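Taking it in order: structure first as structure tokens, then the write-up.
No experiment lies behind these values; they were computed from the predicted model shown. Counting starts at 1 for both ligands and their atoms, following the listed order.
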Amino acid sequence: MESVANQRIARVSAHLQPPNSQMEESCVLKRTDCRAKGGAPGFKVAILGAAGGIGQPLAMLMKMNPLVSVLHLYDVVNAPGVTADISHMDTGAVVRGFLGQPQLESALTGMDLVIIPAGVPRKPGMTRDDLFKINAGIVRTLCEGVAKCCPNAIVNLISNPVNSTVPIAAEVFKKAGTYDPKRLLGVTMLDVVRANTFVAEVLGLDPREVDVPVVGGHAGVTILPLLSQAKPPSSFTPEETEYLTKRIQDGGTEVVQAKAGAGSATLSMAYAAVKFADACLRGLRGDAGVVECAFIASEVTELPFFATKVRLGRRGAEEVYQLGPLNEYERVGLQKAKKELAESIQKGISFIRK
Ligand SMILES: NC(=O)C1=CN([C@@H]2O[C@H](COP(=O)(O)OP(=O)(O)OC[C@H]3O[C@@H](n4cnc5c(N)ncnc54)[C@H](O)[C@@H]3O)[C@@H](O)[C@H]2O)C=CC1
Ligand SMILES: O=C([O-])CC(=O)C(=O)O
């Protein structure tokens, strides 16, 4: 009888047909003859959109994460190539590739965490909302797959516009009867990563010592850094506050313009996505005190979704924290953020309900 390990190797081979079969023709030993043991303990993670600008470095970094035992890489193009490449890294996770819609269900079955960076990125002159037309449908299809194949998985949604794609995902899950608000998390970690970097630069600190909560959403004025709650506690001049707030809000546009038509942030985003995914996995493992910001179903404001600090645990975002005390500058920013956010959320909800 074929061992579990050999079945696994056969499955990997099946998804890597061209390079693998050529290689094996010239080898006496086939992969199916290898003595690989069963998978190490750990979590099963799928990346949807794994061959993209974010997907590839994200896949590489997740392959390096010791909490991951199985890594599924799904895309509509080039998944076998990325999988073959990443699978040669001598780290613990077993990597399998899945190409195109017919393989979506196999990619998702049994997953603990699904990370979604699938979809088109911005070009100069576009807003994130301009991506809605294409990305809304992509997110809907992928989330239908999640609802069917791994309804208990934690979902980390990266595809823009996050302020609308998270409500879309929530509506898809509601329709399927699988919605658990604690498990659906819009990834706003890059805003926090940028805030920590830019604040550290202004204060002359090591960014690793800085922690700035960023609340609201993930587009323009909806990105609201709470500098008054920065750690270590710091005071900022009005000019510094204005400069930092604008730079954090426009961080994505800064990269889009610098890339001049070649896409948006990919490397810093992959770093941020892995930082956030690792926090989700530590929460799933039962670690205490894992707290990060995410865009999530919320009662913190009158809006149905809002990014705030959340505590990550075995069931996902087990606690959603209040905003805490805001200064006058932040209170004004909050009003602006809520106005734009309300429209983007409604647009996402209507896309599924209409
Ligand atoms: N949440 C955040 O902070 C950030 C979000 N983003 C967003 O992430 C998304 C991806 O950005 P990039 O990786 O730079 O784009 P990209 O175009 O380089 O990669 C996207 C990948 O998605 C794949 N894809 C398209 N349709 C698919 C489908 N139906 N199923 C599976 N895969 C599919 C493409 O084949 C491609 O490989 C964009 O929407 C971008 O705006 C980007 C940076 C930060
Ligand atoms: O700006 C974009 O289009 C990509 C993104 O969300 C970011 O870099 O924050």
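Taking every heavy atom of Val162 and a limit of under 4.0 angstrom, the matching atoms of ligand 1 come to 1 (N). Of all the atoms in ligand 1, the ones that sit under 4.0 Å from a non-hydrogen atom of Ala51 are 37 (O). Near Tyr74, with a cut-off below 4.0 Å to any heavy atom, the atoms of ligand 1 are 30 (N), 31 (C). Within the listing of ligand 2, atoms 1 (O), 7 (C), 8 (O), 9 (O) sit less than 4.0 angstrom from a heavy atom of Gly252. Ligand-side atoms of ligand 1 in range of Ala265: 42 (C), 43 (C), range being under 4.0 angstrom from any heavy atom. Close contacts between ligand 2 and Ala265 involve ligand atoms 8 (O) [criterion: under 4.0 Å to a heavy atom].
Ligand 1 lies out of reach of Thr141, whose nearest heavy atom is not under 4.0 Å from it. Ligand 1 lies nowhere less than 4.0 angstrom from a heavy atom belonging to Gly263. A heavy-atom separation below 4.0 Å is found between Leu190 and ligand 2. At least one heavy atom of Arg194 sits less than 4.0 Å from an atom of ligand 2. Assignment of Leu142 to the shell around ligand 1 is supported, since a heavy atom sits closer than 4.0 Å.
In this structure, Lys338 pairs ionically with Glu302, as a charged nitrogen and a carboxylate oxygen lie closer than 4.0 Å. In summary, Arg353 and Glu171 engage in a salt bridge, as defined by a charged side-chain N under 4.0 Å from a carboxylate O.
Annotation: side chain of Leu185 is in contact with side chain of Phe276 (closest heavy-atom distance under 4.5 Å).
Listed for the Ser234 side chain is a donor-acceptor partner under 3.5 Å among the backbone atoms of Pro232. Within the 3.5 Å criterion, the main-chain N or O of Glu340 finds a donor-acceptor partner in the side chain of Ser344. At least one donor-acceptor pair closer than 3.5 Å links the side chain of Gln229 to the backbone N or O of Pro325. A donor-acceptor pair is defined here as one N or O able to donate and one able to accept, closer than 3.5 Å; no such pair exists between the side chain of Asn163 and the backbone of Gly217. Using a distance-only test at 3.5 Å, with no hydrogens or angles considered, no donor-acceptor pair links the side chain of Thr188 to the main chain of Ala307. Judged by distance alone, with hydrogens and angles left aside, the side-chain atoms of Asp75 form no donor-acceptor pair with the main-chain N or O of Asn78 at under 3.5 Å. At distances below 3.5 Å, not a single donor-acceptor pair connects side-chain atoms of Glu254 with backbone N or O atoms of Gly251. Here the side chain of Ser268 pairs no donor or acceptor atom with the backbone of Ala265 at under 3.5 angstrom.
At the top of the distance list for atom 1 (O) of ligand 2, counting protein heavy atoms only, stands Arg122 NH2, 2.6 Å. Remark: minimum distance from atom 32 (N) of ligand 1 to any protein heavy atom is reached at Ala118 CB, 3.5 Å. Among all non-hydrogen protein atoms, the one lying nearest atom 1 (N) of ligand 1 is Ile158 O, 3.1 Å. Of all protein heavy atoms, the one closest to atom 4 (C) of ligand 1 is Met269 SD, 3.5 Å. The shortest contact between atom 6 (O) of ligand 2 and any protein heavy atom is with His218 NE2, 2.6 Å. Scanning the protein for heavy atoms near atom 2 (C) of ligand 1, the closest one is His218 NE2, 3.3 Å. Given atom 7 (C) of ligand 2, the protein heavy atom at minimum distance is Arg128 NH2, 3.4 Å. Here the protein heavy atom with the shortest distance to atom 17 (O) of ligand 1 is Pro121 CD, 3.4 Å.
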- Is there a side-chain hydrogen bond (donor to acceptor under 3.5 Å, both in side chains) between Ser164 and Lys347 once you walk through the steps? CA-CA 6 Å; Ser164 302; Lys347 188 169 172 179; over 6 Å; no
- Item | Candidate pair Asn65 and Asp278, rule side-chain hydrogen bond (donor to acceptor under 3.5 Å, both in side chains), full reasoning | CA-CA 8 Å; Asn65 188 314; Asp278 181 70; 3.0 Å; yes
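When Val255, Asn160, Asp75 are checked for heavy-atom proximity to atom 35 (O) of ligand 1, Asp75 turns out nearest. Closest to atom 25 (C) of ligand 1 by heavy atom, among Gly119, Ser159, Gly137, Pro161, is Gly119. The closest non-hydrogen atom to atom 39 (O) of ligand 1, taken over Leu48, Leu58, Leu131, Val120, comes from Val120.
Neither the backbone nor the side chain of Val162 comes within contact range of ligand 2; no heavy atom lies under 4.0 Å. Residue contacts with ligand 1 for Met189 are absent, since no atom lies close enough (heavy atoms, distance under 4.0 Å). For Pro117, every heavy-atom contact with ligand 1 shorter than 4.0 Å involves the backbone, none the side chain.
Polar contact with ligand 1: present for Gly53 (N/O pair, distance under 3.5 Å). Considering backbone and side-chain atoms alike, Val77 places every N or O at 3.5 Å or more from each N or O of ligand 1. Every N/O-N/O distance between Thr266 and ligand 1 stays at or above 3.5 Å. Considering backbone and side-chain N/O of Asn135, one or more are found under 3.5 Å from N/O of ligand 1. At least one N or O atom of Gly52, backbone or side chain, sits closer than 3.5 Å to an N or O atom of ligand 1. Not a single N or O atom of Ile138, backbone or side chain, sits closer than 3.5 Å to an N or O atom of ligand 1. Considering backbone and side-chain N/O of Ile54, one or more are found under 3.5 Å from N/O of ligand 1.
Classification of the Phe98-His72 ring pair by plane angle, with boundaries at 30° and 60°, yields tilted.
Counting only N and O atoms by type, the side chains of Thr178 and Lys148 include no donor and acceptor under 3.5 Å apart. With no hydrogens or angles considered, a side-chain donor-acceptor pair links Glu330 and Ser228 at under 3.5 Å.
No chain of hydrophobic side-chain contacts below 4.5 Å, direct or via other Ile, Leu, Val, Met, Phe, Trp or Tyr residues, connects Leu341 to Val332. Connection of Met111 to Val82 is established within a shared hydrophobic cluster, with ILVMFWY side chains joined at heavy-atom distances below 4.5 Å, either directly or through further cluster members.
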